[in-house]
Every structure is written in C-alpha cells, then in structure tokens.
2 protein chains.
Amino acid sequence: MATRNTPRNTLSEQALLLDNQLCFALYSASLAMTKLYKPLLDELGLTYPQYLALLVLWEQDGVAVSELGERLYLDSGTLTPLLKRMETAGLVTRLRDATDERRVLIRLTADGRALKTRALRIPGCVLEASQCDVAEALALTHQVQTLRNRLTT
Amino acid sequence: MATRNTPRNTLSEQALLLDNQLCFALYSASLAMTKLYKPLLDELGLTYPQYLALLVLWEQDGVAVSELGERLYLDSGTLTPLLKRMETAGLVTRLRDATDERRVLIRLTADGRALKTRALRIPGCVLEASQCDVAEALALTHQVQTLRNRLTT
DNA sequence: GTCAATTCAATTGCACACAATTTAATTGAC
DNA sequence: GTCAATTAAATTGTGTGCAATTGAATTGAC
C-alpha cells in the first residue's frame, strides 16, 4: 500500500502544526505565568520584569545595567526605562560608577530591600497554581534552562 | 552540628533565587526562541506573533478574531492591530461575519497561503539550533503544554 | 416582542522587548 | 601620549501584551 504524500501529511507540514511547536509551548506558558503573577505582584506595585530585576538585586545589590542585562537576557533599551520607573517608585537608585563613568550602578533603597519580605510567599503561591511538587518544577526548570543556554550561546 | 538558619538559607529564600524560578526559565527561553526566529522570519517579512497567527490560519482558514485569540491565548487588544498590519501587508483579509456582525473573520490571501511553502524549512532550522532531536523536543513541548494548561484553567 | 445581560471587536493607555543609532567614556595598539 | 576601536547607557521607533472601557450586535428570560 502506497503511503499518501499529500502536502497535508508531510513531515514538514506536521512540524508546522501549532501544537507541535516548542516555541509556542514556551511562549504561551510564559504568558500564562505572567498572568498568574499579576495579582500577586499588583499587591507589591510591581510588574513582572520589575520583579525579575528585584530578584537579581536581592541576590546582589549594586550591579550595573549591563550586568543586570546579562543576567536577565535583556538590553538597555528595555532596562533603562524599566529602571527609571523603579527609581520613580522609590525602589532603586541609579548612579554613575565613579571608577567608570560609562556604567550606571543600580542599588536597592530601603523600600526596595523591604519588598523582599513580602515577596517570600510568592514562589509558594505559584507552585501551588502550577499543581506540581518542588522536585517536578525544578526538573522542568533545568530542562528549559538547558534549552535556553543552547539557544543563547 | 546545628544547621544554620540565617535568612540567607531559608527555603523561601532559596525559592527566590533567579535560577530556581521556573517562570524565569520559561520567560528567558521564550525570548531566546523569538530571537532565534528573527532572521528566519525577517526573510518572510513576519514578526513572531504574526507567524503564530499564520500557523493557526494555515491549519484552519477563515477563523474569527476570538477563535484566533483562544488558540493563541491572546486578546483583541493584541490581535486587532496585529491583524491590521497583516492586512496592510496583504497576507489576510478582515471581513465581518454576515451571519453575526459582531464577528470579524480572518482569511488568508493568496500571498498569505503562499508563505507557507517558504515557512516549511523553519522548524528544521529551529530544531538544529536547539541541538535536540525531534523526540526530545516533542517531549519537552508536551511537558510545557501540560504546565500551561494547568495555569490557564 | 422587549430589554437587560452577554458577546465580540475595537480603542486607549501603559509597560515591555528589541533593532538601530547616538553619545560619552575607556582601552589599547602604536 | 594619541586616536581608532570598543564599551556602556540612553534614545528612537516599531510591534507586541494586556487591563479597562466603549459601542455595536446578539441572546434570552419574561
């Protein structure tokens, strides 16, 4: 029996189906995650990318915009206005590095540091909504990180 | 020996580390994917979300904006201007449904249909850059889809 | 049949993302 | 030491995403 070979059934056609696309799975899951965080972050007066910036700063205060960008895979076109809004909100300061005037160092204010306490409960809420245990979530995290690392090198 | 219990080492502190966050893994992997597609889609004159819309339309032509939104998890605030740009580019038409004037049906033009042929090579390019075989990619796709489905219900 | 509730797309306003360019500061080959 | 090359942040312009609102069309309880 001859295999059908209409355009509808070629391998490359199968690969173009939306639900076979890894890129769309990641895209839609990431947007869904952002929506899940929305009400939790609204309480803190933060957007999702601003929260990511704070995660970095809570680990290491006083980083340059470029270092923040390397950590978050974002460029100055995204970070500069974002950090200005966070400065206006009183969460960070932006000061030129005295030893290298090209660099702008981002530092947490007391308010910015204090937000960490209120953020501590967020990961638990997210894990619950994800309906998976810690080990499962970490395993998936590592797989997705590995993929990202392959794509960014 | 007593375990240390400084703030730096609590479980909730660990959970706030950027590299332990599933949300950031998905976010950064999704952005990396978009950048990988950029040069491939530039050749076709498409943006990444426009490409996603075409994936839907190549599977099923003549869908309403709301149906496209359900499929892509996007709302009319995103899709209306995106589809207008695709209409301007001559890829789709936007016409009110005669049987329900609230609905706007999106149909491919000949140009929009023709783009599919040129898009067929894209999934292979992406898979190569991802450095994983088809089975591996599909397995990860299903895991991420499962997570997304949990988050969107 | 009527009208309140619902549905659908469009609009408005805000916040990303990012390519491309600009400006200022630093580095390094000579 | 000088200046071309590099680096860092900011700026500009385009295209998403999405909350909230608007306006038009449809539905459904009565």
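Within every chain, numbering begins at 1; the chains are lettered A, B, ... in the order of the sequence lines, protein sequences first and strands thereafter.
Rounded to an integer number of Å, the gap from CG of A/L41 to C1' of C/dA15 is 14 Å.
Taking a cutoff of 4.0 Å between a charged side-chain nitrogen and a carboxylate oxygen, B/R94 and B/E87 qualify as a salt bridge. Under the 4.0 Å criterion applied to side-chain N and carboxylate O atoms, A/R113 and A/D61 are assigned as salt-bridge partners. Comment: A/R150 engages B/E136 in a salt bridge, judged by a side-chain N to carboxylate O separation of less than 4.0 angstrom.
Residues B/Y73 and A/Y27 keep their aromatic ring centres 6.0 Å or farther apart.
One distance of note links CD of A/Q50 with OG1 of A/T47; it measures 3.0 Å at 0.5 Å rounding.
Searching all strands for a Watson-Crick or G-U wobble partner of C/dC30 with both distances below 3.5 Å returns D/dG1. Base pairing analysis places D/dG17 opposite C/dC14; the two distances defining the Watson-Crick or G-U wobble pair are each below 3.5 Å.
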For nucleotides 5-18 of chain D, 5' to 3', base contacts (B), sugar-phosphate-only contacts (S) and non-contacts (-) with protein non-hydrogen atoms under 4.0 Å give --BSSBB---SSBB

